[in-house]
Amino acid sequence: MRLFWNRAGAVARKEVFHILRDPFALAAALGLPVLMVIIFGVSIEFNMKDIPLAVNDADQTRSSRMLLDRFASSGYFGVRRVVSPQQGIAELTDQKARAALVIPPDFESELISGRQGQLQLLIDGSDNSTVGPVSNYVNRIVGAGAPALYDLRARYLFNPELDSRWFVIPGLTVVIMAILSILLTALTIAREWENGSMELLLSTPVRPVEIIVGKLAPYGVLGVIAIAFVYVIARAVFQIPFVGNLAVFGLGSLLFLVTYLAQGLLISVVARNQQVAMQLAMVTGMLPSNLISGFIFPIESMPAFFQYLTMLLPARWFMRIARDTFLQGSGLIELKVPFLALTFLCFAMIFLATRKFKRDLEP
Amino acid sequence: MSYSCAEVGMADQTVIVRDLTVRFGDFTAVDRISFEVGRGEIFGFLGANGAGKTTTIRVLCGLLVPSEGFVKVAGTGFEQGDRVIKTKVGYMSQKFTLYNDLTVEENLSFIASLRKLDTRRYVEKRKELLEFISFDRPLGTPVRDLPGGTKQQVSLAAALLHDPEVVFLDEPTAGVTPASRNLFWKLIRKLSAAGKTVFVTTHYMDEAEQCGRIALMREGRIIALDTPENLKRVVFPGAVFEFDPKTPLSFAEVAAIEHLDLFTFFEPYGLRFHAAIREGKDWDRARPELERKFTIRKIEPSLEDVFIKTVEGKKR
């Protein structure tokens with residue numbers, strides 16, 4: 001056992017020398033996550049403001065003007081007047097408006113006679129992501145003017161103002177760290193194959209698991225430092241509250257990092273070539289953690305098969321840990337399923353990387 | 001006598017290979033080769049690229065599992081596991097395998113840790129080996145700043161840290177200056193004198209001449225194995241002559257001479273030609289005719305002649 005740690009320690013020490021001798025890579029490893037969180041944190045915004053809305057008011061009455069005032073003063077919409085419904089549609093096709101509202105000539109007289117006032121809303125359906133918020137806002141504005149049957153009072157827990165940054169940034173941390181950690185290690189073993197030093201390693205009695213563990217340790221430390229930087233940015237720059245237990249978040253980060261680092265090593269072991277390893281890292285690290293981890297698209301709305309498939313994705317589990325520790329203050333008990341899943345995936349990945357590590361030198 | 005010759009022989013052999021075969025898929029890289037190498041011997045492997053030299057060496061270093069056959073290196077074999085073999089042998093690849101961004105000391109101490117040397121033993125060994133290769137730069141010199149020849153020497157020191165009984169050197173002098181090559185061969189002879197078995201592959205004929213015995217490999221097989229002197233004697237039993245053209249010859253003229261049926265061997269050697277006379281041919285009568293075009297003198301065949309005749313000659 002002592003010998004195991006000696007050898008793994010020697011590999012780790014050597015890896016630290018490599019990292020320290022390459023200041024550019026070191027700066028990239030620590031600086032890029034911070035930079036990406038800042039750039040994407042500022043640019044990704046689900047709350048929409050000043051949505052251009054084409055309005056054709058054929059009624060021109062007090063009621064219609066009151067309705068339009070509510071639209072204009074809500075802050076969600078910028079009203080653009082048009083003279084006909086056709087012109088409203090033209091605004092949509094010209095991308096000058098996201099939606100068009102048509103108020104028919106008999107709007108007020110219908111209301112006065114006790115019937116429902118008819119309104120038509122035309123929404124640009126070619127951009128799915130805006131349809132939801134637009135119709136949601138319109139309903140809220142229009143609904144406020146009508147007498148309600150029920151008194152529904154909704155409060156948003158954990159994120160009272162529905163600030164989308166609160167939702168995006170913890171998730172963004174996950175995505176960025178997934179990409180970073182997989183890239184950090186994906187190149188290391190492939191590099192040893194390419195520059196010949198793998199032959200030196202293999203000509204000694206070192207075991208694959210000693211190489212794997214030795215390579216995981218220093219990059220794990222590097223990843224934790226990067227995640228700490230990102231955490232500080234989230235708290236200080238974006239003012240995201242953190243209500244959970246920092247130790248729980250830290251433990252989750254470590255497990256998650258090591259899992260992706262091991263996945264990077266697995267790629268490296270299989271690819272033996274830095275270019276191929278790089279591409280594999282991008283495809284297996286970046287795309288799934290972005291698209292099917294629940295970062296933006298909810299897992300519950302995926303087809304059943306994909307919901308199960310995402311269980312193999314470490315990012316899915318850490319996404320929950322990150323969001324729940326940040327906003328809900330969940331502890332280990334509430335998060336036992338994500339933690340168990342992540343632990344399992346972590347060991348599975350280390351095992352696979354060790355097993356796939358070839359000790360012979362076939363050409 | 002209570003011991004058979006074979007048993008006595010076995011006791012002194014550090015490398016024993018019987019019917020070794022290595023296949024990669026359909027391709028047979030090494031095809032049923034057998035040989036033995038004695039303790040303290042300098043054993044050379046000669047052959048074109050792809051002849052199977054590196055593959056054989058990798059098997060003997062525990063880096064490649066043989067498809068068939070029996071291998072014993074320094075008293076161990078694959079039955080004991082490749083890791084046991086690796087503790088007994090030193091290996092220097094034809095690629096430069098040290099880390100360029102680490103210093104000499106960092107490289108050596110890294111390998112020492114992988115080989116479980118304790119600190120005291122490592123420091124002793126490092127001192128001894130750096131003296132052995134006459135390394136006179138600071139230990140903190142990054143390896144990338146060393147000249148090519150010194151890099152090779154440090155690689156050799158790295159391969160010797162754990163005091164292996166056998167060292168395998170795969171084209172150790174490829175790409176270094178002639179002076180560095182000479183120096184490196186001095187080290188090889190010193191190792192051999194100190195009782196280490198040195199197994200070396202090379203492309204250089206002058207290096208091959210310095211080996212105790214040489215195995216010539218072609219297409220995965222050993223086609224000749226003996227001391228350089230014996231190889232020359234066996235391959236060229238008759239006299240060998242050097243033909244120095246008095247005036248430049250055309251291809252047609254050379255071809256005409258090659259087809260005279262007077263020679264078993266007629267090959268260019270620089271601007272000259274080396275030729276071996278076919279037995280029973282009346283050389284004395286043919287000679288005056290040829291001397292009109294060439295200055296002819298009797299020579300000792302070189303190892304290159306042996307190599308060309310045995311390895312390349314058979315392709316025709």
Side-chain angles (χ1 to χ4, degrees), chain A residues 1-27 29 187-215 217-218 272-274 354 357-363, chain B residues 22-25 27 29 50 54-55 57-66 78 81-103 105-107 109-119 122 142-144 155 158-159 161-162 164 167-168 170:
Chain A
M1 202 56 195
R2 211 175 65 82
L3 292 176
F4 170 86
W5 290 115
N6 278 354
R7 288 217 192 95
V11 175
R13 209 162 67 98
K14 180 209 70 148
E15 224 48 52
V16 169
F17 290 143
H18 287 319
I19 296 170
L20 294 180
R21 302 279 151 84
D22 190 356
F24 180 74
L26 182 63
L187 301 183
T188 59
I189 288 179
R191 195 184 303 131
E192 302 236 19
W193 279 109
E194 273 180 21
N195 67 19
S197 50
M198 188 51 81
E199 274 193 56
L200 176 81
L201 282 180
L202 294 182
S203 70
T204 72
V206 68
R207 290 187 184 85
V209 65
E210 292 162 337
I211 298 180
I212 297 286
V213 171
K215 281 189 177 270
R272 291 191 183 191
N273 168 311
Q274 294 194 72
T354 309
F357 198 106
K358 292 188 85 168
R359 273 188 299 161
D360 51 5
L361 277 177
E362 278 185 32
Chain B
V22 182
R23 285 187 214 95
F24 302 119
F27 175 66
T54 298
T55 306
I57 280 200
R58 284 178 171 175
V59 168
L60 297 176
C61 292
L63 287 166
L64 207 56
V65 182
F78 278 87
D82 59 308
R83 300 183 60 243
V84 179
I85 300 178
K86 287 172 183 175
T87 59
K88 299 274 188 176
V89 307
Y91 170 60
M92 189 178 149
S93 160
Q94 54 187 318
K95 286 189 237 162
F96 180 70
T97 57
L98 295 182
Y99 297 97
N100 269 315
D101 53 337
L102 303 192
T103 67
E105 202 282 326
E106 285 161 354
N107 268 294
S109 86
F110 173 56
I111 294 159
S113 317
L114 294 187
R115 291 201 174 274
K116 314 191 284 192
L117 263 64
D118 63 48
T119 315
Y122 158 64
V143 164
R144 74 155 64 84
S155 287
L161 270 175
H162 57 298
V167 267
F168 293 90
D170 197 359

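Values reported hereafter were calculated over all heavy atoms of this structure, with side chains retained and with hydrogens, waters and symmetry mates removed. Residue numbers begin at 1 in each chain, while the letters A, B, ... track the order of the sequences. Given the structure is predicted, the values throughout are model-derived calculations rather than measurements.
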Provide the closest heavy-atom pair for B/Thr97 versus A/Glu199 in the form atom of the first, atom of the second, distance. CG2-CB, 4.1 Å
Between OG1 of A/Thr204 and OH of B/Tyr91, what distance do you get to the nearest 0.5 Å? 13.0 Å
What's the spacing between A/Asn6 CG and B/Ser113 OG if we round to 0.5 Å? 7.5 Å
Assess whether side-chain contact (heavy atoms from CB on, under 4.5 Å) is satisfied between A/Val11 and B/Leu114, documenting all intermediate values. CA-CA 8 Å; A/Val11 175; B/Leu114 294 187; 4.0 Å; yes
What parts of residues 13-25 of chain A touch chain B if we use heavy atoms and a cut-off under 4.5 Å? A/Arg13, A/Lys14, A/Phe17, A/His18, A/Arg21
Under 4.5 Å from any heavy atom of chain A, what part of B/Ile85 do you find: side chain, backbone, both or neither? neither
In chain order, what residues pass the side chain to side chain contact (heavy atoms under 4.5 Å, CB included) check against B/Leu60, with sequence neighbours excluded? B/Val15, B/Val17, B/Phe35, B/Thr56, B/Val71, B/Val73, B/Phe168, B/Phe199
Suppose we screen for side chain to side chain contact (heavy atoms under 4.5 Å, CB included). Which residues come up paired with A/Ser197, at least two apart in sequence or across chains? A/Glu192, A/Asn195, B/Tyr99
Can you tell which of B/Lys116, B/Arg83, B/Lys88 makes a side-chain contact (heavy atoms from CB on, under 4.5 Å) with A/Pro205? B/Arg83
Just to verify, what does B/Arg115 make a side-chain hydrogen bond (donor to acceptor under 3.5 Å, both in side chains) with, not counting sequence neighbours? B/His162
